[in-house]
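What follows is a short report on a single structure.
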Amino acid sequence: MGNLDNFKIGAIEGVSALLILIAIIVAAIAVLTVIIICSIKAVKERKDAEEDRAEDEFFAEYGVTGEELRLNQQLSDMRSQLISQKRIKKQMLDEQHIVVVRESVEKPVEVVKEVVKEVPVEVIKEVPVEVIKEVEVIKEVPVEVVKEVPVEAPAEQPAPQPVEQGPAPVKPEELVPVKKEENWKNYDGEYEGVYYDPEDGCYYEGTPSPELAKRLEEYQAELAAKSKRKKKEVIVKKVTPPFLALKTPKNERKAPKKEEGFDLSVIYGKYVIEHVAKEDGKEEYFYTLYGPKDNVLYESSNYSALPYCKRAITRFQTHVLVGEYSIDVQDGKYFFVLRRKTYVHKGLECATFDEANALINQVKSYAQTDIIREQ
């Protein structure tokens, strides 16, 4: 205690001086801690900024930033979750077989049930006709009971209120049909056995409808007028359409080549066009639709030239949007079939019905990708 009395800081001595010293030490430690934390935070922020800058410089070659890439990945995950939730909801509805039936509920009519046995005519005359119609006859009851039952006349029903009529329904002839945009960019003349459909922008085997045949004649007349002014023939009659798929077996696919750096196909999928040289000197071109993980979703038929193979990709994308899907089974294998008019696209063989159905959803998700590569 004596030593503590001798301890002093300036004019302050004893316990007060010791407390002040402790407070100074605590304050110094707090300031030092704040300085250390701020330094660590500044170093970390500088490091993160350098990493973001390096990441942006790396992805700038592909026209995206690191933040856009992360957002695209989040959108892809959300899209997959939404598709999965819709599929689960549809399966639940299919299993429950929910049927909604709306029934009109009528108000019960109050019926005065009288118990009568051989009622005299005088009593019946005193009862209104409306009540007599609702009398239920049951045996073994005395007539005096009937006389003591007060009979009330039915209450007057209120006059029906006029119902407001809604707007008059539109007659079918008053509906204006929506004119679809025509696509003539793939039209290259008339061929035997096929016709051009400007709605889908491709050729189909068979004969067109009378309406479409008339439109084709009008378009041919327009081209004839243009060719007359240019003094050259535009439409050429050909025997074999070169753009139709060849009747040859599918060729073996090679693994898709890896792209250097970041590959956008890991988000959007891709088409890969390949070709093989045959012994007779001819070449066959074919395409394959791959998913984000290079999983095969669809394999095309063979085509005689590269332009026709590229045109087939555009046609397939259109049919994926407007075609009809079904699942067939053959030799214990399941596969989806996509039909659009006379075109039939056969999917890959799957072990179960659910796998074939899931493959349809994957094709719908990635068929519209604009990533098309040749190898």
Subject >> Side chains of Y219 and E217, donor plus acceptor under 3.5 Å >> reply: no
Original post:
So, Y203 versus D188: side-chain donor-acceptor pair below 3.5 Å or not?
Top reply: yes
**OP:** Could you list the residues that satisfy side chain to side chain contact (heavy atoms under 4.5 Å, CB included) with P292, not counting sequence neighbours?
**Re:** N295, Y366
**OP:** Applying side chain to side chain contact (heavy atoms under 4.5 Å, CB included), name anything that partners P307, two or more places apart in sequence or on another chain.
**Re:** A305
Subject >> With E355 via side chain to side chain contact (heavy atoms under 4.5 Å, CB included) - residues at least two apart >> reply: C350, A351, T352
Original post:
Should H275 and E374 be marked as a side-chain contact (heavy atoms from CB on, under 4.5 Å) after you check the CA-CA gap, both sets of side-chain angles, and the distance that decides it?
Top reply: CA-CA 9 Å; H275 73 282; E374 302 175 28; over 6 Å; no
Original post:
For the rings on Y196 and Y204, is their centre-to-centre separation under 6.0 Å?
Top reply: no
**OP:** Apply side-chain contact (heavy atoms from CB on, under 4.5 Å) to the pair V363 and F316, showing each step before the final yes or no.
**Re:** CA-CA 11 Å; V363 169; F316 176 70; 4.0 Å; yes
All N/O donor-acceptor pairs, side-chain side in residues 320-335, below 3.5 Å, sequence neighbours left out:
{"from": "Y325", "atom 1": "OH", "to": "V320", "atom 2": "O", "distance (Å)": "2.8"}
{"from": "S326", "atom 1": "OG", "to": "R339", "atom 2": "NH1", "distance (Å)": "2.9"}

Subject >> Any donor-acceptor N or O pair under 3.5 Å, side chains Y343, R315 >> reply: yes
**OP:** If the plane angle is over 60° it's perpendicular, under 30° parallel, otherwise tilted; pick one for Y287 and Y303.
**Re:** parallel
Subject >> Pair H345, Y298: side-chain N/O donor-acceptor within cut-off below 3.5 Å >> reply: yes
**OP:** Say whether E284 and S304, considering side chains only, have a donor N or O and an acceptor N or O under 3.5 Å apart.
**Re:** no
Subject >> With L75 via side chain to side chain contact (heavy atoms under 4.5 Å, CB included) - residues at least two apart >> reply: N72
Original post:
Does N183 reach the main-chain N or O of E199 with its side chain, forming a donor-acceptor pair under 3.5 Å?
Top reply: no
**OP:** Tell me yes or no: between the side chains of K278 and N302, is some donor less than 3.5 Å from an acceptor?
**Re:** no
Taking distance alone, no hydrogens or angles, what donor-acceptor pairs closer than 3.5 Å link side-chain atoms of residues 33-49 to residues at least two apart or in another chain?
{"from": "T33", "atom 1": "OG1", "to": "I29", "atom 2": "O", "distance (Å)": "2.8"}
{"from": "S39", "atom 1": "OG", "to": "I35", "atom 2": "O", "distance (Å)": "2.7"}
{"from": "K44", "atom 1": "NZ", "to": "D48", "atom 2": "OD2", "distance (Å)": "3.1"}

